[in-house]
There are 2 protein chains.
Amino acid sequence: MHSRPGTAPTIETIARHAGVSTASVSRVLRGLGGRPDTVARVRAAATELGYVPNAMARSLRGGQSRQVTFAMPDIGNPVYIAMVRRIQQVVRAAGYRLLLHSTGADPAEELAALRALADRHSDGLILCPIRVTPAHLEELARSAAPVVVIGSVPEEVPVDSVRADSVTGAELAVRHLVAAGRRRIGLLNGPADTVPGAARHRGYERGLEVCGLPHDPALTSFGRFDAVSGEAAARDLLARVPGVDALFCANDLIAVGALRALRGTGRDVPADVAVVGVDNTDLAEACWPPLTSVDLGSQERGRLAAELLIARLDASGRPPVSRLAVQPRLVVRGSCGSTAGTTATHKEMS
Amino acid sequence: MHSRPGTAPTIETIARHAGVSTASVSRVLRGLGGRPDTVARVRAAATELGYVPNAMARSLRGGQSRQVTFAMPDIGNPVYIAMVRRIQQVVRAAGYRLLLHSTGADPAEELAALRALADRHSDGLILCPIRVTPAHLEELARSAAPVVVIGSVPEEVPVDSVRADSVTGAELAVRHLVAAGRRRIGLLNGPADTVPGAARHRGYERGLEVCGLPHDPALTSFGRFDAVSGEAAARDLLARVPGVDALFCANDLIAVGALRALRGTGRDVPADVAVVGVDNTDLAEACWPPLTSVDLGSQERGRLAAELLIARLDASGRPPVSRLAVQPRLVVRGSCGSTAGTTATHKEMS
DNA sequence: TTGAAAGCGGTACCAT
DNA sequence: ATGGTACCGCTTTCAA
């Protein structure tokens, strides 16, 4: 079984074994100079005893934990997993460990993640909030360690951020649907009072406007950002407005739910109703028909956010605040457009 | 911006502020006695200064980090996300933080996760290995902290474990397919030299045998446990053996790939070919037709593993080694059986 | 009840 | 190049 506490070798064990001081052990083990034979003796003792430095002791002394946290709304949403992957790559390459925190889209949990920085268990935080309340801004301002926000924050708040352009992304989707001949385009959104919810709503309206289509509030519905909610919302909308010929869904999970509802009511996709999602997750290729989806650059956002955080952690001088934005692009697949019923056709437009 | 290092209040700051010793501050803050006015003064000072205990110092002193790690093969596989969710619940309730580690099904990374326990950043590990090599057993034996394995380990190794019964699960699937009238049942497996791969292969063979069907090696193919591999394998198999009337896929990702391949070759599911997956992930309900899948109790395994680990961490006496097993059950949906083309029908059998 | 002080396991400065 | 030692922030004896 595992060794009892107090059994593990420390630098002092090594020091005694090698007949040198703890200071020398520390130096040798950290690769700083030393006479060849000293180095050899220390190395030998360390290897023989299976010495591993205590991370907590090192952290306490060094003032940093070499851990960073990523707090996201929902670990069940593939889009965040895509971010995790890229963030992981970057932070590990920089010698940090990644802590994951699924907040359940609960502002209180997001605030808790921010406040938790004060206990120094994490050197920095990548926060992907779904809402940004005044309380968020206040905590961001007094945060105990560097934070990078994936999402939109007001200009006044001096915090690194990487945002997607959801508005343009939604507009892109609507224009594509209109170009494909759709006229009664429904919106299945997440909560109205979230940042992505509001932005996608705005982009939807803007898209209709640009195309000269009327904006019928009856075509818009709000729910949660998941498949169950999406299915229910789609069912409702279809019952209320049977003539809908397209559904713009605020993310891929909602879209998957919508596809289910459409099937349940005997509609063909895309012949009767076209569907477009957002996030371009793996789900878009797993469902049927393959889902046309707005790619908001989640991988890119993850990578950039991680790079910003690392830069701020490692930099000696304080780098200026960065506000990055990633451009959306539409990835066309079978769930809309005219090429119905075939395998996935990739066509990308900016 | 965030405060400069060395700025954060410590117990000593509080002590000076309240006019007491650091010992008293520690006591009061930990809820151990104190004269009422002392308590009040300390509390007031702590609140005023926004004191938060340094987690690293506490860990060093206390000999534990209050963090546990879950190392899984692939964070992109929904089945592990389901485990994460339950593990998270349990460990957080017990006051631990959860660290996630995606090993990429690389034995070297799994071993690294085991060895990393020696640096004491984590108090324990839940390991979900895809292979169990002699090196694994050796590291398990000398692990620096408690480990719970999700998977099968040899009897001799005294380590807590929770395993699924993949063999029975696979057999269940095959018998179901046979009962539905299928006779040429293909197997799309993951790597042959992995524990789940081997077990599912065995169960597949056993199922055929029990049903009195011949075992045709041409119907078996090995690949990776992901959708891309599943699609390629299915395409291959269908070309090689056009008469296949069912595909048993070693997990849901492979099954999703298979569905894609079937569509690509113009076959109808389940009319022409029935498909069964394993893991009963969210994916099974997201794809079309909804996927019949063997539920190996991933949520249950996650919960149990976390509970075993916490028990071992918190227990004063060393609890005896537990070897738990979770029973599989088949969740029938549209991708096989006779109720094709309708919405998901749940029917559970043990 | 309270304070002084000894660590926990490293790191880094300062002499030597 | 090396050893002695103060210190990171907190917990926990041990005396007073």
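Computed from a prediction, not measured in an experiment: that's the story for all the values here. All chains are named by letter (A, B, ...) in the order of the sequence lines, taking the proteins before the strands, and each is independently numbered beginning at 1.
Shown for residues 33-54 of chain B: residues whose heavy atoms fall under 4.0 angstrom of DNA chain D, namely B/Tyr51, B/Pro53, B/Asn54.
Taking the charged nitrogens against the carboxylate oxygens, A/Asp123 and A/Arg97 have no contact shorter than 4.0 Å, which rules out a salt bridge. Comment: A/Asp106 does not engage A/Arg131 in a salt bridge, judged by the lack of any side-chain N to carboxylate O separation of less than 4.0 angstrom. One finds no salt bridge joining B/Arg85 and B/Glu300 here, because no Lys/Arg side-chain nitrogen approaches an Asp/Glu carboxylate oxygen to under 4.0 Å. Using a cutoff of 4.0 Å between basic side-chain nitrogens and carboxylate oxygens, A/Arg41 and A/Glu48 are not scored as salt-bridged. Taking the charged nitrogens against the carboxylate oxygens, A/Arg312 and A/Asp160 do have a contact shorter than 4.0 Å, which makes a salt bridge.
Within 4.0 Å of B/Val25, counting heavy atoms only, lies no atom of the nucleic acid at all.
Proximity of B/Arg58 to the phosphate of D/dG9: no side-chain N or O atom is located under 4.0 Å from OP1 or OP2. Contact check, B/Thr10 against D/dG9: no side-chain N or O comes under 4.0 Å of OP1 or OP2.
One interatomic measurement links the two molecules: CE of A/Met56 to P of D/dT11, which rounds to 15 Å at whole-angstrom precision. Note: CD (A/Glu12) to P (D/dG3) measures 14 Å, nearest angstrom. Between the CZ atom of A/Arg66 and the C1' atom of C/dG10 there is a distance of 16 Å, rounded to whole Å. The nearest whole Å value for the distance from the CG atom in A/Leu60 to the P atom in D/dG9 is 7 Å.
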Nucleotide N/O to protein N/O under 3.5 Å, stretch nucleotides 12-16 of chain C:
residue: C/dA12; atom: OP2; partner: A/Arg30; partner atom: NH1; Å: 2.9

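Checked against salt bridge (Lys or Arg N to Asp or Glu O under 4.0 Å), B/Arg66 has no partners two or more places apart in sequence or in another chain. Under the side chain to side chain donor-acceptor pair (under 3.5 Å) criterion, A/Glu307 pairs with A/Arg303, not counting sequence neighbours. Partners of A/Arg35 under the side chain to side chain donor-acceptor pair (under 3.5 Å) rule, at least two apart in sequence or in another chain, do not exist in this structure.
Residue B/Ala57 has its side chain nearest to D/dG9 when only C/dG10, C/dA4, D/dG9 are considered.
End-to-end axis angle for the helix from C/dT1-D/dA16 to C/dT16-D/dA1, using five pairs per end and rounding to 10°, comes out at 40°.
Between the side chain of A/Ser26 and the backbone N or O of A/Ala23, no donor-acceptor pair lies under 3.5 Å.
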